[in-house]
Participant: 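What follows is a structure written as structure tokens; I'll ask about it next.
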Amino acid sequence: MNDREAPERPPRTRRRDPEGHRAAILEAARHTFAERGYARTTLREIARRAGVTHGLISRQFQSKERLFLAAVPGNSDLGRVAAGDPETLPDRIARAFVERMETDAVNDPLVALVRSAASDERAAAHLLVAMQEHSAGVYRSVLSPDAPAAPDDDLDTRVALVGSHLIGVAFSRYIARTEPLASMPTGKLTEHLTRTLRHILFG
């Protein structure tokens with residue numbers, strides 16, 4: 001071997017950056033869901049934009065539904081919004097819903113759910129189930145954090161009714177824009193929502 005020849009370099013190892021990869025995936029997912037809608041978005045497209053493999057997304061998020069819930073504001077913020085005094089949970093949910101929708105209804109998960117149902121009922125159904133499971137876990141952590149579910153426990157039903165109510169409001173005010181909800185002042189809408197959510201959750 002020539003004395004001047006450079007010594008052989010060790011093989012380059014691929015850097016592992018789980019947090020960096022996760023952030024890139026979430027950012028790519030937010031943009032792709034916003035541009036293409038839920039039904040038309042694929043994990044392969046998100047992986048291409050994030051510069052990662054399809055398999056890495058599947059390992060970190062398990063499914064498109066779970067990635068959507070983690071990436072899109074609304075469901076991803078639910079734990080923070082719900083945390084606090086159980087008695088005022090309806091107030092916090094109603095206020096956060098109205099503020100979020102008034103700021104960016106186009107990219108809201110409830111609007112994405114309604115619109116995806118028009119083109120792909122199966123995808124919408126899978127997304128709705130994932131949203132309900134996520135919401136039920138968050139609500140239960142606030143309303144009955146230490147108590148095991150009783151045989152007659154109906155919290156999951158009440159959470160599903162809350163979701164259905166919010167979906168209806170989202171459709172009427174932000175998609176179909178029908179009266180009287182379309183032009184109702186935000187304060188009045190929040191007041192009505194607080195009252196109806198309180199009735200659903202507490203009877």
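If you're wondering where the values come from, they're calculated on a predicted model, not measured in any experiment.
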Participant: Count the heavy atoms belonging to other residues, nucleotides or ligands that lie under 6.0 Å from CZ of Phe171, then report whether that count exceeds 12.
Facilitator: no
Participant: Please report the interatomic distance OG(Ser135) to CG(Leu128), rounded to the nearest 0.5 Å.
Facilitator: 9.5 Å
Participant: Which pair of heavy atoms, one from Thr194 and one from Ala94, lies closest together, and at what distance?
Facilitator: OG1-CB, 3.3 Å
Participant: Quick one, Ser144 and Leu155 - any side-chain contact, counting heavy atoms below 4.5 Å?
Facilitator: yes
Participant: Apply side chain to side chain contact (heavy atoms under 4.5 Å, CB included) to Ala47 and list each qualifying residue two or more places apart in sequence or on a separate chain.
Facilitator: Val52, Ile57
Participant: So with a 6.0 Å cut-off around NE2 of His54, is the heavy-atom count from everything else above 12?
Facilitator: yes
Participant: So, do Leu143 and Phe202 sit near enough that their side-chain heavy atoms are less than 4.5 Å apart?
Facilitator: yes
Participant: Test Phe97 against Leu110 for side-chain contact (heavy atoms from CB on, under 4.5 Å), laying out the working first.
Facilitator: CA-CA 10 Å; Phe97 170 81; Leu110 295 181; 3.6 Å; yes
Participant: At what distance, to the nearest 0.5 angstrom, does CZ of Arg59 lie from OG1 of Thr53?
Facilitator: 5.5 Å
Participant: Would you say Val129 and Leu43 are hydrophobically clustered, going by side-chain heavy atoms of ILVMFWY under 4.5 Å?
Facilitator: no
Participant: For Ala130 and Leu69, work out which heavy atoms get closest and say how close.
Facilitator: O-CD1, 3.4 Å
Participant: Consider side-chain contact (heavy atoms from CB on, under 4.5 Å). Of Asp91, Ile93, Leu166, which one does Leu193 pass it with?
Facilitator: Leu166
Participant: Can you find a heavy atom in the side chain of Arg140 that is under 4.5 Å from one in the side chain of Asp156?
Facilitator: yes
Participant: Judged by atom type as modelled, is there a donor-acceptor pair below 3.5 Å linking the side chain of Arg66 to the main-chain atoms of Phe61?
Facilitator: no
Participant: Among residues two or more places apart or on two chains, list those pairs meeting salt bridge (Lys or Arg N to Asp or Glu O under 4.0 Å) that have a residue in residues 18-28.
Facilitator: Glu27-Arg30
Participant: Start with the C-alpha gap between Met131 and Ile167, add the side-chain angles, then the distance that decides, and say whether side-chain contact (heavy atoms from CB on, under 4.5 Å) holds.
Facilitator: CA-CA 12 Å; Met131 291 172 69; Ile167 289 169; 5.9 Å; no
Participant: Counting heavy atoms not belonging to Glu121, are there more than 12 under 6.0 Å from its CD?
Facilitator: no
Participant: List the residues meeting side chain to side chain contact (heavy atoms under 4.5 Å, CB included) with Leu161, not counting sequence neighbours, and say none if there are none.
Facilitator: Thr157, Ile200
Participant: Supply the atom-to-atom distance Leu181 CG to Leu189 CG, rounded to the nearest 0.5 angstrom.
Facilitator: 6.5 Å
Participant: Can Val111 be reached from Met184 by stepping across I, L, V, M, F, W or Y side chains whose heavy atoms are under 4.5 Å apart?
Facilitator: yes
Participant: Aromatic rings Phe33 and Tyr38: how do their planes relate, parallel, tilted or perpendicular, breaks at 30° and 60°?
Facilitator: parallel
Participant: Can you name the residues that form a side chain to side chain donor-acceptor pair (under 3.5 Å) with Arg195, not counting sequence neighbours?
Facilitator: His192
Participant: State, to 0.1 Å, how close Asp108 and Met101 come at their nearest heavy-atom pair, and which atoms those are.
Facilitator: CG-SD, 3.2 Å
Participant: If you compare all heavy atoms of Ala29 against all heavy atoms of Ala71, which two are closest, and at what distance to 0.1 Å?
Facilitator: CB-CB, 3.8 Å
Participant: Under the 3.5 angstrom rule, does the side chain of Arg198 hit a backbone N or O of Glu87 as a donor-acceptor pair?
Facilitator: yes
Participant: Could you list the residues that satisfy side chain to side chain contact (heavy atoms under 4.5 Å, CB included) with Thr186, not counting sequence neighbours?
Facilitator: Val98, Glu102, Arg173
Participant: Would you please test Ser183 and Glu179 for side chain to side chain donor-acceptor pair (under 3.5 Å) and show each step?
Facilitator: CA-CA 7 Å; Ser183 60; Glu179 297 296 347; 2.7 Å; yes
Participant: Show the nearest heavy-atom pair for residues Arg92 and Val81, with the distance to one decimal.
Facilitator: NE-O, 3.1 Å
Participant: Does the side-chain contact (heavy atoms from CB on, under 4.5 Å) test come out yes or no for Thr41 and Phe68, once each step is laid out?
Facilitator: CA-CA 10 Å; Thr41 293; Phe68 181 84; over 6 Å; no
Participant: Which atom pair, heavy atoms only, marks the closest approach of Val142 to Pro86?
Facilitator: O-CG, 3.5 Å
Participant: Pairs in or reaching into residues 44-58: which pass salt bridge (Lys or Arg N to Asp or Glu O under 4.0 Å), with residues at least two apart or in two chains?
Facilitator: Glu35-Arg49, Glu45-Arg48, Glu45-Arg49
